[in-house]
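Quick note: residue numbers are just sequence positions, from 1.
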Amino acid sequence: MDKIAGFLSPITIYLVIFLLNYFLPGRWVTGYVTKTGTSEKLRYKLNGLWVLFATIILWALACYLGYMDWDWFYHVRWYALSGAIVCGLIFSFAMVLPYPKVSDHFLKDFYLGRLENPQLQSGRVDAKMWLYLVGAIMLEINILSFTAHAYLIHAGHVSAGLYLSTALLSFFIVDYLFFEEVHLYTYDFFAERVGFKLGWGCIAFYPFFYTIPIWVAADAAPVSTPTYLLVACALLFFFSWSLSRGANLQKYFFKKNPEKSFLGIQPEVISDGNKSLLVSGFLGTQPAHQLSWRNRNGHCHCTCCRPS
């Protein structure tokens, strides 16, 4: 019975996330992407943090009331992974097969997708935002359940490194959903379509691949990690996070107001008269006069471009 329940657990959780995303209140924002064939900007209802906390509360309540063990997702992890893989494939085919082809090669269409920004009820649920939600929240449930397994089998004696990994991954998830609006200005939204890459990637790869550090350590005997090494790992994480978050925030503020500085960094750009490439701050490379950023067709495909 656990095998079937484990296999179906991802689709069940993804359905719960869809319903919470649809019905919970959120703030409406206008994004960076325009509707196909128009100049009208797409609107989005953002409630990612509410959906995350509501889902975790429902999971914790089910465990507290005895409907499932705290480490149940660890015990069914292989079946859940199989279910997520199948769910991701079904989603990918459903988002590609019914729609007109974009290229002459089906595999290319299947991988990259055909629809650009599918939405339900004018943004009440956005396919891309829902995909990021299911990936992040399924990941959080996995890491909490896997850590609970280590705590239970080792009678509370859990490696500090495992706790640190859980805390940093949880921070990563909360941070991502806190800055939901920022991600509306990223390459995924203004340039990519919804296919296997985004669909299967968020449904199957994201919530299970990122779990690997805790997956492999949950059953292992606790080890004593020197404090200086734990501190070094945490510092490395936050240094890397600052680069990623800083670059995304800089692009976001540049696209919102290209004249405004970010953290005291004045934006510097090169332009072909149609698009501008940000080349300062977190996205700085080499002096602007040395840059050659067009491809052979004269178009820029970088993530930090905006119309001039």
Side-chain angles (χ1 to χ4, degrees), residues 5-29 31 43-64 67-68 70 72-74 76-77 79-95 115 117-146 169-184 188-189 194-211:
F7 181 84
L8 295 176
S9 60
I11 185 61
T12 304
I13 292 172
Y14 299 160
L15 178 59
V16 169
I17 292 170
F18 176 87
L19 294 174
L20 290 173
N21 187 206
Y22 185 89
F23 287 108
L24 285 180
R27 62 189 183 96
W28 284 88
V29 302
R43 284 176 54 77
Y44 303 81
K45 189 184 79 169
L46 304 182
N47 58 5
L49 281 178
W50 288 109
V51 176
L52 169 66
F53 295 143
T55 308
I56 297 304
I57 289 172
L58 289 174
W59 166 75
L61 190 60
C63 295
Y64 178 78
Y67 291 110
M68 69 171 63
W70 290 96
W72 184 79
F73 281 96
Y74 180 83
V76 301
R77 60 195 183 282
Y79 306 111
L81 173 58
S82 301
I85 290 172
V86 172
C87 179
L89 286 171
I90 293 173
F91 176 87
S92 301
F93 280 113
M95 293 301 296
L115 295 181
N117 290 281
Q119 291 187 330
L120 178 65
Q121 292 194 355
S122 300
R124 193 170 184 87
V125 175
D126 178 85
K128 291 180 179 177
M129 295 305 293
W130 175 78
L131 285 171
Y132 293 138
L133 274 179
V134 300
I137 295 173
M138 188 74 229
L139 171 61
E140 182 66 17
I141 290 175
N142 277 337
I143 62 177
L144 291 177
S145 185
F146 289 16
L169 281 169
S170 297
F171 172 85
F172 164 76
I173 292 166
V174 172
D175 168 78
Y176 187 87
L177 296 179
F178 179 81
F179 287 106
E180 269 188 303
E181 184 177 352
V182 174
H183 300 291
L184 300 178
D188 295 354
F189 281 81
V194 181
F196 178 85
K197 180 183 177 183
L198 281 178
W200 190 87
C202 290
I203 290 172
F205 183 83
Y206 178 16
F208 288 91
F209 177 81
Y210 279 55
T211 317

Undergrad: Output the distance between atom CG (Leu133) and atom CE (Met138), rounded to the nearest 0.5 Å.
TA: 14.0 Å
Undergrad: Are more than 12 heavy atoms, taken from residues, nucleotides or ligands other than Tyr79, located less than 6.0 Å from that residue's OH atom?
TA: no
Undergrad: Should Trp59 and Phe73 count as side-chain neighbours, where that means a heavy-atom distance under 4.5 Å?
TA: yes
Undergrad: Any sub-3.5 Å donor-acceptor pair from Lys45's side-chain atoms to Asn21's backbone N or O?
TA: yes
Undergrad: Less than 6.0 Å separating the ring centroids of Tyr210 and Tyr206?
TA: yes
Undergrad: Measuring only between side-chain heavy atoms, which start at C-beta, is Cys202 closer than 4.5 Å to Phe91?
TA: no
Undergrad: State yes or no: are the ring centers of Phe146 and Tyr74 separated by less than 6.0 Å?
TA: yes
Undergrad: Hey, what's the ring geometry for His183 with Tyr176, parallel, tilted or perpendicular (30° and 60° as the breaks)?
TA: parallel
Undergrad: Side chains of Val134 and Ile13, heavy atoms from C-beta outward: is any pair under 4.5 Å?
TA: no
Undergrad: Nearest heavy-atom pair of Pro10 and Ala84: which atoms, and what distance?
TA: CG-N, 3.8 Å
Undergrad: When rounded to the nearest 0.5 angstrom, what is the spacing between OG in Ser122 and CH2 in Trp28?
TA: 7.0 Å
Undergrad: So which atom in Leu8 and which in Thr12 form the shortest heavy-atom distance, rounded to 0.1 Å?
TA: O-OG1, 2.9 Å
Undergrad: Do we get Arg124 above Tyr22's six-membered ring, with its NZ or CZ under 6.0 Å from the centre and within 45° of the axis?
TA: yes
Undergrad: Sequence neighbours left out, what pairs pass salt bridge (charged side-chain N to carboxylate O under 4.0 Å, His left out) with at least one residue falling in residues 14-29?
TA: Arg27-Glu181
Undergrad: For the residue pair Phe189 and Tyr44, categorise the inter-ring angle as parallel (less than 30°), tilted (30 to 60°) or perpendicular (more than 60°).
TA: perpendicular
